[in-house]
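Below is one structure, written out as structure tokens; comments come after it.
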Amino acid sequence: MAYKITGTCISCHLCVSVCPTGAVKIDDSGNHFIDSELCTHCVGSIHTVPQCKAVCPTSHGCVKEPSDYWENWFAKYNRVIAKLTKKQDYWECWYNTYSQKIAEQLKKRQQEVVA
């Protein structure tokens with residue numbers, strides 16, 4: 001199952017900088033996309049989750065692209081229902097995820113500077 005960058009992408013370029021294989025590209029019009037030939041889904045690397053998805057501040061800028069129509073339909077349906085039923089928790093979840101990822105990156109950079 002491939003990953004794709006959706007229309008909710010805010011062009012923060014975080015995914016470009018963290019992709020271990022360089023699979024996240026920017027086309028001539030400034031849109032981000034994932035080269036499926038280079039993408040390994042971060043399998044076999046030190047990362048346990050795809051980094052493009054992990055650092056995305058929008059939480060839905062990088063998503064799995066289901067190959068099955070019905071799988072895609074239910075995935076979209078579940079995202080919409082989750083937004084409608086937990087709208088008040090969205091920003092809290094985003095902030096917690098974003099601050100955790102930024103803290104991890106800062107810690108990693110501090111360790112690189114010390115070493």
Side-chain angles (χ1 to χ4, degrees):
M1 182 178 295
Y3 279 83
K4 72 173 185 173
I5 297 180
T6 66
T8 60
C9 176
I10 59 172
S11 298
C12 65
H13 305 296
L14 285 174
C15 55
V16 176
S17 63
V18 299
C19 181
T21 60
V24 180
K25 308 283 185 183
I26 303 172
D27 65 11
D28 294 336
S29 60
N31 296 322
H32 291 70
F33 69 96
I34 297 175
D35 185 351
S36 61
E37 297 292 320
L38 296 175
C39 181
T40 62
H41 310 293
C42 296
V43 173
S45 68
I46 61 170
H47 309 291
T48 57
V49 296
Q51 293 301 287
C52 55
K53 184 166 180 60
V55 300
C56 185
T58 64
S59 297
H60 296 294
C62 181
V63 296
K64 283 185 179 180
E65 183 175 36
S67 56
D68 180 22
Y69 171 81
W70 287 109
E71 185 180 350
N72 187 28
W73 189 92
F74 280 110
K76 187 171 186 174
Y77 173 80
N78 289 332
R79 281 195 308 271
V80 169
I81 293 298
K83 282 183 182 179
L84 291 174
T85 58
K86 298 195 181 239
K87 191 169 185 145
Q88 69 276 7
D89 297 334
Y90 175 77
W91 287 110
E92 183 176 278
C93 178
W94 178 87
Y95 176 77
N96 290 338
T97 303
Y98 186 73
S99 61
Q100 178 185 6
K101 295 302 173 188
I102 292 295
E104 289 172 4
Q105 287 180 353
L106 289 174
K107 186 176 182 180
K108 182 179 175 183
R109 287 187 183 154
Q110 287 173 348
Q111 290 172 351
E112 290 174 356
V113 169
V114 171

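Numbering starts at 1 and runs along the sequence shown. For the numbers below, each heavy atom of this structure counts, side chains included, while hydrogens, waters and symmetry mates do not. The structure presented is a predicted model; accordingly, all values stated were derived computationally and were not measured.
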Following the transitive rule for hydrophobic clusters with a side-chain heavy-atom cut-off under 4.5 Å over Ile, Leu, Val, Met, Phe, Trp and Tyr, establish whether [X] and [Y] coincide in one cluster.
X: Trp70; Y: Tyr77; result: yes
X: Ile81; Y: Phe74; result: yes
X: Val24; Y: Ile26; result: yes
X: Tyr98; Y: Leu106; result: yes

Which atoms form the tightest heavy-atom contact between [X] and [Y], and what is the distance?
X: Leu14; Y: Val55; value: CD1-O, 3.6 Å
X: Val18; Y: Gln105; value: CG1-NE2, 3.7 Å
X: Lys4; Y: Ile34; value: N-CD1, 4.1 Å

### Task
Under the side chain to side chain contact (heavy atoms under 4.5 Å, CB included) rule, what do Val113 and Gln110 come out as? Steps first, then yes or no, please.
CA-CA 5 Å; Val113 169; Gln110 287 173 348; 5.7 Å; no
#### Entry: Lys101: salt bridge (charged side-chain N to carboxylate O under 4.0 Å, His left out) partners, not counting sequence neighbours
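Listed in chain order: Glu104.
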### Task
Kindly indicate whether the side chain of Pro20, heavy atoms from C-beta on, has any atom under 4.5 Å from the side chain of Cys42.
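Side-chain contact under 4.5 Å: yes.
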### Task
Could you tell me the separation between the CD1 atom of Ile102 and the OH atom of Tyr95, rounded to the nearest 0.5 Å?
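With rounding to 0.5 Å, CD1 (Ile102) is 11.0 Å from OH (Tyr95).
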### Task
Give, for atom SG of Cys52 and atom NE2 of His41, the distance between the pair rounded to the nearest 0.5 Å.
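Reported value, rounded in 0.5 Å steps: 9.5 Å.
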### Query
How would you list all residue pairs meeting side chain to side chain donor-acceptor pair (under 3.5 Å) that involve residues 12-25, not counting sequence neighbours?
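Listed by first then second residue: His13-His32.
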